[in-house]
Amino acid sequence: TNGHTEPRGELFTVDSPNVTYTENEILSKYTYRTTSVTRNAAGKYIATPRETLYDFRVDRKVPKVGMMLVGLGGNNGTTVTAGVIANRRGLVWETREGPRVANYYGSVIMGSTMKLGADAETNKDINIPFHDILPMVHPNDLVVGGWDISSMNLADAMDRAAVLEPTLKALVKKEMAAMVPLPSIYYPDFIAANQEDRADNVLLGSKACMEHVEKIRKDIRDFKSQHGLDKVIVQWTANTERYANIIPGVNDTADNLLRSIEQGHEEISPSTVFAVACILDKVPFINGSPQNTFVPGAVELAERHGAFIGGDDFKSGQTKMKSALVDFLINAGIKLTSIASYNHLGNNDGKNLSSHRQFRSKEISKSNVVDDMVEANSVLYKKGEHPDHTVVIKYMPAVGDNKRALDEYYAEIFMGGHQTISIFNVCEDSLLASPLILDLVLVTEMMTRIQWRARPAAAAGPTSQDDGDFKGFHSVLSILSYMLKAPLTPPGTPVINALAKQRAALTNIFRACVGLEPESDMTLEHKLF
Ligand code: NAD
């Protein structure tokens, strides 16, 4: 076989009456434990432990997957594509610091581990690569394609991006040169005017229309059949667009959105047209930029079709630091009072963001990232109280893709004292974003193979294998939050920005699918003897 149709070599099996393996599936009976809180007449909290029983069903067959990127010819698009090729071929290249070997550093799925358990004899932790907790797709096996408004082949586009070492570029040049992005949708009003000179690969028409939706759907179907793929996942890593106005009757409901596309309404952005095309075919669509691609009508449409969507805006550098550091400060009981964030960058993303309306999208997505942590601490913050927070982004061509992020965190400590933390973070933007693009695809793909059903408490016994009422997770994949700055969540559900909580959700949901308890750091076995 080609290795895609058989279950991969899994690293472990779970020995439990709650977990059943069949040739194609892993079935787990999982007890989800929560605490329900009420108040009594005296205003005192009553906390009651609750148990909910779920069945999870995981499809073990690792499919052959296509990753189609909107913005394939950009810095992220070319960097992630070259990175996959280099890893697939196990490339080694010379740099002035010696040879470098292809890797997936910065991918939580490929680069991090989690504790499986403790060795039965020595009690020492056994840690496994995150990638091995479930039968996930390997990024080396992804087939990459996509669209760009620039017609440049990927070898030239990789040169234009000025991200990778020349020695590495030389090794992947031939394969990259053979890849040319599909023509895309270009509505100039949505991205900065300074992008116009690269738009030489565009479909006819500068307003939303059903022809565009149908063309994108056809592109995906063609790509799927050309490469013999089981599934395609589409991701927006094109320029940041301006926000779309939410207008009642235009994009507020699924039906209105579809009608507005038909009628060519000018408030429908290219990214929303891509999202709609994907949703109609149940192709998962992830938005890596900050704009509001998922207008309410798009979310409703996704729910209606049971299609997965995720967003918004890759969380690569400054914001990732912020969602870790603020989590630490506030959970340490330190009262953060202000955050000042300055960035300058010199890549094409920075050029696009030098236009006000596009910057505004980024400013919004970078601004709300501490809300949940502040709101959760009623000891430090009164209701409605907030640290001051400002975000500045400047375009500085000379620094290229080496983005600079300068952050000052100012906090109040014991007895009126102060703590000031200044961070100067120089990060190669596309090298941080590329592994996130892969993580988003791998996790999203895995979610298409996980199903669940609630089971009544009385129904003990082995998990039945009939299809029963198994269904997928909610259309809006908030499990992707770790990789995203402004996580989209199912309507009416809370947004979690704290990095540690986001990682715990991802880890523990995947563990539950194979019948393992959440990662607990109690280590009682080392404390009670
Ligand atoms: P880039 O400008 O190098 O690449 C974007 C590409 O999209 C360009 O090649 C452009 O021609 C193309 N494009 C623009 N409009 C398009 C359309 N309608 N259809 C198809 N292609 C289109 O930018 P980048 O550095 O690769 O970043 C891409 C996006 O990711 C930006 O919106 C950026 O804000 C976002 N992002 C990047 C990072 C990071 O760390 N690199 C982090 C968070 C978010």
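In this chain, residues are counted from 1 in sequence order. Ligands are counted one by one from 1 in listed order, and the atoms in each one are counted from 1 as well.
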Honestly, for Arg198 the part within reach of ligand 1 (heavy atoms, under 4.0 Å) is side chain
Would you call the rings of Phe285 and Phe274 parallel, tilted or perpendicular, taking 30° and 60° as the class edges? parallel
Any donor-acceptor pair under 3.5 Å from Asn287 side chain to Gln291 backbone: yes
Okay, side chain of Asp132, backbone of Ile128: is any donor-acceptor separation there less than 3.5 Å? no
Using a strict cut-off of 4.0 Å, indicate which atoms of ligand 1 neighbour a heavy atom of Ser289. 29 (C), 30 (O), 31 (C), 32 (O), 35 (C)
Using a 4.0 Å heavy-atom cut-off, which part of Lys315 comes near ligand 1: side chain, backbone, both, or neither? neither
Show the atoms of ligand 1 that are less than 4.0 angstrom away from any heavy atom in Gly73. 9 (O)
Compute the centroid of each ring, for His212 and then for Tyr187, and state whether the two points are separated by less than 6.0 Å. yes
Report the part of Ala238 (side chain from C-beta onward, or backbone N, CA, C, O) that has a heavy atom under 4.0 Å from ligand 1; answer both or neither where that applies. both
Here the gap from Ser289 atom OG to Ile191 atom CD1, rounded to the nearest 0.5 Å, amounts to 10.5 Å
Taking salt bridge (charged side-chain N to carboxylate O under 4.0 Å, His left out) as the cut-off, I'd like each qualifying pair that reaches into residues 301-314, sequence neighbours left out, listed once. Asp255-Arg304, Glu300-Arg304, Asp313-Lys362, Asp313-Lys485
Look only at interatomic distance and state if Gly74 has a nitrogen or oxygen under 3.5 Å from any nitrogen or oxygen of ligand 1. yes
Decide whether an N or O pair under 3.5 Å exists between Tyr186 and ligand 1. no
By number and element, which atoms of ligand 1 are closer than 4.0 Å to a non-hydrogen atom of Ser316? 39 (C), 40 (O), 42 (C)
Please check if any side-chain donor atom of Asn194 sits under 3.5 Å from a side-chain acceptor atom of Tyr395, or the reverse. no
Nearest non-hydrogen protein atom to atom 23 (O) of ligand 1, with distance, is Asp349 CB, 3.8 Å
Is the closest heavy-atom distance from Leu432 to ligand 1 below 4.0 Å? no
Kindly compute the distance separating OG1 (Thr253) from CZ (Arg259), expressed to the nearest 0.5 Å. 7.0 Å
Should Glu241 be listed as contacting ligand 1, given a heavy-atom distance under 4.0 Å as the test? no
So the side-chain hydrogen bond (donor to acceptor under 3.5 Å, both in side chains) pairs with at least one residue in residues 143-160 (sequence neighbours excluded) are Trp147-Asp219, Ser150-Arg160, Ser151-Asp200, Asn153-Asp156, Asp159-Lys169
Option among Asn75, Asp401, Val163, Asn76 that satisfies the side-chain contact (heavy atoms from CB on, under 4.5 Å) test with Asp429: Asp401
For ligand 1, which atoms have a heavy atom of Ser184 less than 4.0 angstrom away? 17 (C), 19 (N), 20 (C)
Heavy-atom nearest neighbour in the protein, as seen from atom 14 (C) of ligand 1, with distance rounded to 0.1 Å: Asn239 OD1, 3.3 Å
The atoms of ligand 1 lying under 4.0 Å from a heavy atom of Gly71, numbered in the order shown, are 6 (C), 7 (O), 12 (C), 20 (C), 21 (N)
Do Leu353 and ligand 1 have an N or O pair less than 3.5 Å apart? no
Can a donor-acceptor pair be found, under 3.5 Å and without considering hydrogens, that links the side chain of Ser260 to the backbone of Ile268? no
Suppose we measure from atom 41 (N) of ligand 1 to each protein heavy atom; which comes out shortest, and what is that distance? Asn76 OD1, 3.2 Å
Counting N and O atoms only, with roles assigned by atom type, does the side chain of Thr272 sit under 3.5 Å from a partner on the main chain of Thr293, one being a donor and the other an acceptor? yes
Is Trp236 touching ligand 1 with its side chain, its backbone, both, or neither, if touching means heavy atoms under 4.0 Å apart? side chain
Any atoms of ligand 1 less than 4.0 Å from a non-hydrogen atom of Thr240? List them with their elements. 31 (C), 32 (O), 33 (C), 34 (O)
Hey, which atoms in ligand 1 end up nearer than 4.0 Å to a heavy atom of Asn75? 1 (P), 3 (O), 4 (O), 25 (O), 26 (O)
Give a yes/no verdict on whether any heavy atom in Thr237 is under 4.0 Å from an atom of ligand 1. yes
Closer than 4.0 Å to some heavy atom of Ile185 - which atoms of ligand 1 meet that? 17 (C), 18 (N), 19 (N)
Short question: side chain of Arg242, backbone of Arg357 - any donor-acceptor pair under 3.5 Å? no
